[in-house]
Amino acid sequence: IYRRDRALAVASVFLSAHAGGLQWSGIRDEARGLGLARHAIARATEVAVAAGSPLIVTQASRRGTPVWTGMGLQRISAYHRFLSPAVLAR
């Protein structure tokens, strides 16, 4: 979602024959609270449905989870990411 030439919000959708995956969405700090994240996620979902995806799988960060659940999605599992000390030292 753009305002003039500046991207404010985005959501990605990955399609396969068996599922649509919504794994990434983001919004610029200055655009928070405008409903743009919700709009971007809804549009990505519409793209997956229009492509015939019988299943849509999503991932959300801690910050994004309230947006997704506020749209009616239900959390069915959670996972934690771990970084090795070598990665943290970079």
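From a predicted model like this one, the values you see are computed outputs, not experimental measurements. In what follows, residues are counted from 1 in the order of the sequence shown.
A single hydrophobic cluster is seen to contain both L15 and I56, as judged by linkage of ILVMFWY side chains at heavy-atom distances under 4.5 Å, directly or through other members. The hydrophobic cluster containing V49 also contains V13, counting ILVMFWY residues as joined when their side-chain heavy atoms lie under 4.5 angstrom apart, directly or transitively. Hydrophobic clustering (side-chain heavy atoms under 4.5 Å, transitive across Ile, Leu, Val, Met, Phe, Trp, Tyr) keeps W24 apart from L73.
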Let me see the working for I41 and T58 under side chain to side chain contact (heavy atoms under 4.5 Å, CB included), right down to the final yes or no.
CA-CA 10 Å; I41 293 166; T58 65; over 6 Å; no
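Counting heavy atoms from C-beta on, the side chains of L22 and V57 never come closer than 4.5 Å. Residues Y2 and L8 form no side-chain contact, since every pair of their non-hydrogen atoms from C-beta on lies 4.5 Å or further apart. Using a 4.5 Å heavy-atom cutoff, the side chains of L55 and H18 are not in contact. Using a 4.5 Å cut-off on side-chain heavy atoms (C-beta onward), Q59 and Y79 make contact.
With hydrogens and angles disregarded, a donor-acceptor distance shorter than 3.5 Å links the side chain of S53 to the backbone of A48. At least one donor-acceptor pair closer than 3.5 Å links the side chain of S16 to the backbone N or O of A19.
Within the structure, side chain to side chain donor-acceptor pair (under 3.5 Å) contacts touching residues 28-45 (residues at least two apart or in different chains) are R6-E30, D29-R32, R43-E46.
Taking all atoms of both residues into account, the shortest heavy-atom contact from A37 to A9 is N-CB, 4.4 Å. Scanning both residues, G64 and A60, for their nearest heavy atoms gives C-CB, 4.1 Å.
A distance of 8.5 Å separates OG1 in T69 from CZ in R75, rounded to the nearest 0.5 Å.
Checked options L34, L36, V67, V10; the residue passing with I27 is L36 (criterion: side chain to side chain contact (heavy atoms under 4.5 Å, CB included)).
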